[in-house]
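Comments concern the structure below.
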Amino acid sequence: MLPRIDHVIEKAKAYNPSSDSKLLQKAYLFSAYAHEGQLRLSGEPYLVHPLAVTDILADLKADDIALVAGLLHDVVEDNHQVSLAEIEKRFGAEVAHIVDGVTKIEEKVPLQNRQEDEWATLRKLVLAMVDDIRVILVKLADRLHNLRTMQAMPEHRRPVKALETLEIYAPIAYRLGMGKMKIELEDLGFRYAWPEEYERLQAALQEKRAYSQDFIEETTAELYKMLKQTGISGDVSGRTKHLYSIWLKLRRQGIGVEQVYDYMAFRLLVESVQDCYAVLGGIHSLWKPIPGRFKDFIALPKENHYRSLHTSVVGIHGQPFELQIRTHQMHQEAENGIAAHWQYKEGRLSKEDETATTQWLRQLTEWKQEGGTPGEFIQNLRVDLFPKDVYVFTPKGRVLSFPRGATPIDFAYAIHTDVGHHCVGAKVNGKLIPLKTPLKSGDRVDIVTSPSGKPSRDWLKAAVTGRALSKIKAWLNVQEKTRAIELGKAALERELRRLKVNLKEAEEEGLLAKALKSVSLPDVDSLWAEIGYGKLSARLFARKLAPREEEAPVLTKAAGPPGASEPALEVRGASDLLTTLAKCCRPIRGDEIIGFISRGRGLMVHRADCPNVARLGYNSDRIMQVNWGSGGPATTHDVSLDIQVEDKPGIVAAITQAVADAKAPLRAIEGNVDGRGEGSVRLTIAIRDKTHLNAILAQFAKMPGILEVHRRNR
Ligand code: MN
C-alpha cells in the first residue's frame, strides 16, 4: 500500500508531540510541485518515492528536519528549476544542508574501478554523516526504498546498486547499530546482486521452513512456560535467520544448505538486565547449551553498542537453534541503533547521550579535521566498519582488503592468478618476509615473482581467501592429474606388453570400450589417471583386454590348406588378405558376414549383426564385402548357447544326448537352477556351419522342457 502524507504526519505526532504538521504538509506540497509530471521507472508518479522514504524515516522516529529533508531529498537533483538556495529560503539551512549532502553522495567522479568508486562513495557518505547524522539516515531510507522497488529497474543495472548496498550501506547501518535496516538491506542486496543463488537458497530453505513453523510454535510455547515458571514476564518471538546471513555462512564454511542446522533464532525480550540472566539460566536448564556459543554482549557490548545475551542450544528433537535475550530498551536500540537515540541536537548527538557509536562519530570528525589523504581516511574507516579485515597497499598505492590472517600469497592471487602461481617472496614495507607471514593493516606489499616459481601444497595452509585457495587447488589438481596419467599409462603399457595385448587392436575390436564401460570410465585419459592415482589395478584392467583363450586364427588365408581346391572365404577385391574371424561375435560358416580391415591384422570377419560392426560402420572405407567360400578345411567353430529350461530331472542329459546325436562335440557345459522351477544351461559345442547349428536349434525347439535358446556372441 502506498503511504499517504497524513499517515506520515500522524505517525510523527505519535512519537514526537511537538512535530509541526503544517511544515510537513508544506514540504509535501513543495515536493509534489517540484516532481510534477515525473514518473518512476515503475510508471508511478515520482512523488511516491520521497513519500515512502519519509515514511521509513518516521518508522525510525526521525525529527521534523529529517522528515522534511526526506520529502525534498531528490528535488534538487531531479528538477533543476529548484535550487538549494530556494530550499534554504523556504525550509531553512539545516534542511538544505541535508538535501545537499544526500545529493552529493550520488555524484560520481570517474574512477578506475568499482572498488575505488565504492570507497569514494563511502568517504563522501561518512564525511556527510559526520556533519549531520541525518544525511545518512535519509540516504539509508532512500536506498532501502529504491531496493524495495528494484523490480522496476532494468535487470542489468540491478547488481551494481545491490553490491554497493552490501558493501557500503549495510555495513554503515550495522555500524550505526541499525540492525533492522541492515538485515533488510542485506536480503534485498543479496537478492539483486546474485539473483540465481538467492532463488536457489530460497527454494532449498522452503522445505526446512515447513518444518520450522511447527518447531517455532512448539519451542515458543516451551519458552513461555519457562518464563511463567521463573515468574518473569517477557515476549518470545521465533524466526528463521535472514537469507544473507545463511548464505554467508555457507560460503564461509564451504558447506551445502543441507548442512546448516542452526537456521532458526528466538528472541526473548524482558524487563531488566537481571531478568536477562535469570532467563538464560532457565533456558540452559531446559536445553543443553552448545559450548563456545554463549556470548555476553550486555557486560561487553559490541563496538556498535549492541547489547544482548546470545546462546545456542540443542532443543526439541535435537534441533539446534540460537537465542537472543535482551531488554525491550536494548531491543529498541538494536533495531534502530543511532536512530533510537533521538536526543541529538541539530543533527549532532548530545554529550549526555555518549555511546560507543557517538564516540566513533567523534573519532571520524577528528580524522576529518586532522586532514590526511583520502586513502588514509578510508583505510581508517574500513578498519572500523569491517574490523575483521586487514587493509594493505599495492606498490602503486591501491588499497586492497583481505580477511584477517591473509598472507602475501592471498595478496599475490588478488593481483593476478599468474602473479600468484609464480610468487616466490614478498617485500612488506621494503623488507623481504616469508610468504606465510600474515599481513597487517597499512602494510605496503610488493610481490616477488620468478618464472620458475610454482604453488606448493603447503600454500593451502597459508592462504585464507577463497580466490587464492581455489586457484592453488586447481593448479595442484592439474599437476597431479598430469603426473597420474603418466604413471598410469606406463603401468598399463607394462601389463599389456606382458600379456601381449595391442591396445590399438583392442580398441578396434571394441574390447577397450567394453572394458572401460565395465569400470565406468569415459575415456583412456581417465583410465590412465585412475590407474595412476592407484584407484584401479593396471593388471586387472589389462586382463580384461587379453583374449580369453589362446589366440589362434580360426580361418585361414584366402587360400585353403593343401588338398582343398576352393578358398574358405571369398574376399571381393583382395584375395590374399590374412583373414581372421572376430572374437567378439565368432561368425560360423553360413552366417551373414562382413569384413573389416584392421591395422596390422589383416581382415577381421564379423557377423553382419555384430554390434561392433555397427559401431565401426561410419568408417565405411575400411569395410569389405566377404562371403563364405565353397571350399575350405573341415574346420569347426565353437558356439556357445544359453538355454532356458524347466527344472526337471533328466533335462541336462536330454540336451547332451541331442548334441551327441547331432555330432557336435561338447566343449563345455554348465547348469544353474533358480529354485522357482526354471534353470539355465550354458553349452559350448563345436559346430561345422550355420546349417549344422540350425539343425541343432530345430532339435532343441522340439524338445519338451526347453523354453528358450540364445546363441551367445562369445
Ligand atoms: Mn531518492
Side-chain angles (χ1 to χ4, degrees), residues 2-5 8 24 27-60 62 64-84 86-87 90-91 94-108 117-118 120-122 124-126 128-129 131-154 157-166 168-170 172-173 176 178 181 184-185 188-189 192 339 347:
L2 300 175
R4 294 181 43 183
I5 188 63
V8 177
L24 296 177
Y28 171 72
L29 290 175
F30 187 77
S31 184
Y33 149 76
H35 291 299
E36 173 143 47
Q38 288 178 1
L39 297 178
R40 301 201 81 212
L41 287 172
S42 61
E44 294 168 306
Y46 196 89
L47 188 60
V48 167
H49 170 64
L51 201 48
V53 167
T54 310
D55 191 51
I56 294 169
L57 287 166
D59 286 336
L60 292 168
D64 283 353
I65 300 284
L67 295 178
V68 169
L71 285 166
L72 302 178
H73 78 273
D74 277 337
V75 158
V76 176
E77 194 180 10
D78 293 338
N79 185 325
H80 299 290
Q81 309 289 308
V82 178
S83 67
L84 264 183
E86 187 169 1
I87 292 186
R90 288 174 187 261
F91 298 97
E94 278 182 287
V95 171
H97 180 75
I98 298 170
V99 170
D100 187 34
V102 173
T103 309
K104 278 194 178 133
I105 289 166
E106 289 290 319
E107 281 168 10
K108 297 277 175 191
D117 203 24
E118 283 187 351
T121 304
L122 183 63
K124 283 189 279 181
L125 208 62
V126 169
M129 178 169 80
D131 279 352
D132 190 327
I133 188 73
R134 289 171 294 192
V135 173
I136 190 71
L137 293 182
V138 174
K139 193 62 214 166
L140 286 171
D142 178 42
R143 177 52 62 110
L144 181 57
H145 184 247
N146 283 336
L147 279 178
R148 281 181 185 167
T149 54
M150 192 166 251
Q151 212 65 49
M153 186 184 257
R157 280 174 55 198
R158 295 175 192 168
V160 177
K161 286 268 168 213
L163 280 173
E164 191 186 55
T165 303
L166 289 175
I168 297 181
Y169 291 92
I172 292 229
L176 294 174
M178 302 163 73
M181 171 78 76
E184 195 177 348
L185 287 174
L188 288 167
Y192 293 113

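As the structure lists them, so they are numbered: ligands from 1, and atoms in each ligand from 1. It should be emphasised that the depicted structure is a prediction, and the values quoted were computed from it without experimental measurement.
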Partners passing side-chain hydrogen bond (donor to acceptor under 3.5 Å, both in side chains) against His97 (at least two apart in sequence or in another chain): none
By side-chain hydrogen bond (donor to acceptor under 3.5 Å, both in side chains) - contacts of Arg157 (at least two apart): none
Nearby protein N/O/S atoms (those under 2.8 Å) for the Mn ion (ligand 1), with water ignored: His49 NE2, His73 NE2, Asp74 OD2, Asp142 OD1
For Arg90, all residues meeting salt bridge (Lys or Arg N to Asp or Glu O under 4.0 Å), sequence neighbours excluded: Glu86
Distance, nearest 0.5 Å, that separates CG of Leu72 from OG1 of Thr54: 8.0 Å
Student check: side-chain heavy atoms of Asn146 and Arg40 closer than 4.5 Å: yes
Ile98 backbone acceptor or donor facing Arg134 side chain under 3.5 Å: no
